[in-house]
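Notes follow the structure.
One-based numbering along the sequence shown.
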Amino acid sequence: MSSCLTTSIGSQKEHVFVPRHNDIIFFRKKALEDPALEVIVVAIDHGGDDRNHEYNFTINAEYNFGGKGAAYADFLAETLKPYIDSHYRTLPEAEFTTIAGSSFGAYVSLYTAIRYPDQFGRVGGVSFVMWHDSGGIIQLIQESDLSPALRVYLSIGELETDNPDFNRLACNHVALVHQTLIASGVPEKQIRFDIIPGGTHHESTWSVLFPEVHRWLQQP
């Protein structure tokens with residue numbers, strides 16, 4: 001059996017899934033073959049109308065969103081993670097803690113891990129996007145003291161949108177993040193960048209990727 005807790009911390013609501021030995025915690029049953037992949041999953045409700053504000057630390061003046069990403073990262077690192085570590089039998093060190101998301105969730109996950117390297121040592125960024133930030137995340141990577149132990153998964157779909165020009169730009173953006181992380185001291189072997197054939201900006205692509213992303217991130 002497994003247990004699921006829904007709790008609120010401040011204005012945010014979290015769902016905590018605590019798997020037992022034989023639970024299905026992946027979308028594909030084959031991921032259960034390795035007990036080392038068993039994890040505690042904490043899923044955070046996004047802020048509804050504030051989602052685009054909370055998931056971005058820069059402000060996009062053209063579309064009028066962003067600017068609350070720093071506060072969101074602070075909440076994860078200073079409020080939520082200490083709460084989880086104090087209420088569940090976790091391995092609290094960064095090397096055992098993954099932060100992951102898709103789209104803007106991927107973007108804010110990498111941002112948070114850069115801001116708090118002592119708390120988040122592994123990052124999953126599926127359909128990572130940075131079209132909106134005028135190079136802010138690249139500058140942050142270049143100016144930060146990145147942990148050489150950081151492990152990062154990045155992906156982008158070939159068909160993220162129905163605009164071929166945007167899709168090429170999105171792919172180039174993720175490639176730039178990949179290259180910048182390496183140039184800033186993260187070993188190349190600890191960064192994986194996948195271009196997903198036929199992949200779209202949708203859960204139908206992300207759910208298929210999830211087992212392999214998690215498996216790769218949990219490697220020692």
Q) Do the ring planes of His214 and Phe210 sit parallel (below 30°), tilted (30 to 60°) or perpendicular (above 60°)? A)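 It falls in the parallel class, under 30°.
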Q) Can you find a heavy atom in the side chain of Val177 that is under 4.5 Å from one in the side chain of Val152? A)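 In short, these two side chains do not touch, never coming nearer than 4.5 Å.
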Q. Quick one: are Leu150 and Pro117 in side-chain contact, heavy atoms under 4.5 Å?
A.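 No, their side chains stay 4.5 Å or more apart.
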Between [Y] and [X], is there a side-chain donor-acceptor contact under 3.5 Å, judged purely by atom types and distance?
{"X": "Thr200", "Y": "Thr205", "answer": "yes"}
{"X": "Tyr116", "Y": "Asp74", "answer": "yes"}
{"X": "Asp133", "Y": "Tyr107", "answer": "yes"}

Please identify each residue that fulfils side-chain hydrogen bond (donor to acceptor under 3.5 Å, both in side chains) with [X], with sequence neighbours left out.
{"X": "His87", "value": "none"}
{"X": "Asp85", "value": "Lys81, Thr90"}
{"X": "Thr98", "value": "Gln218"}
{"X": "Tyr55", "value": "none"}

Grab the two heavy atoms, one from [X] and one from [Y], that are nearest each other, plus how far apart they are.
{"X": "Gly125", "Y": "Ala106", "answer": "CA-CB, 3.4 Å"}
{"X": "Ala113", "Y": "Ile99", "answer": "CB-CG2, 4.3 Å"}
{"X": "Pro187", "Y": "Pro148", "answer": "CD-O, 3.2 Å"}

Q.
How about CD on Glu203, more than 12 heavy atoms from neighbouring residues, nucleotides or ligands closer than 6.0 Å, or not?
A.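 Atom CD in Glu203 is packed in, count exceeds 12.
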(Q) I'd like to know if the side chain of Ser86 and the backbone of Tyr83 have a donor-acceptor N/O pair within less than 3.5 Å. (A)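 Confirmed, Ser86 side chain pairs with Tyr83 backbone.
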**Q.** Backbone of Gly66 reached by a side-chain donor or acceptor of His53 within 3.5 Å
**A.**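 Answer holds: yes.
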**Q.** Where at least one partner belongs to residues 175-195, residue pairs that pass ring-ring contact (aromatic ring centres under 6.0 Å, His included), sequence neighbours excluded
**A.**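 For residues 175-195: His178-Phe193.
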Q.
My understanding is that only residues two or more places apart in sequence, or in another chain, count here; which of them pass salt bridge (charged side-chain N to carboxylate O under 4.0 Å, His left out) with Glu212?
A. Arg192
Q: Using salt bridge (charged side-chain N to carboxylate O under 4.0 Å, His left out) as the criterion, list what pairs up with Arg168, not counting sequence neighbours.
A: Asp165
For residues 139-146, which side-chain donor-acceptor pairs fall under 3.5 Å, sequence neighbours excluded?
residue : atom : partner : partner atom : Å
Gln139  : NE2  : Glu143  : OE2          : 2.9
Ser144  : OG   : Leu140  : O            : 2.6

Q. Under a single-linkage rule joining Ile, Leu, Val, Met, Phe, Trp and Tyr whose side-chain heavy atoms are separated by less than 4.5 Å, which residues share a cluster with Leu169?
A.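 Hydrophobic cluster check, Leu169: no partners found.
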Q) By the rule that ILVMFWY residues connect when side-chain heavy atoms come within less than 4.5 angstrom, directly or transitively, which residues belong alongside Leu91? A) Phe96
Q) What pairs meet the salt bridge (Lys or Arg N to Asp or Glu O under 4.0 Å) rule with one or both residues in residues 86-100, with sequence neighbours excluded? A) none
Q. With sequence neighbours left out, what residues match Phe166 under side-chain contact (heavy atoms from CB on, under 4.5 Å)?
A. Trp131, Thr161, Asn163, Ala170
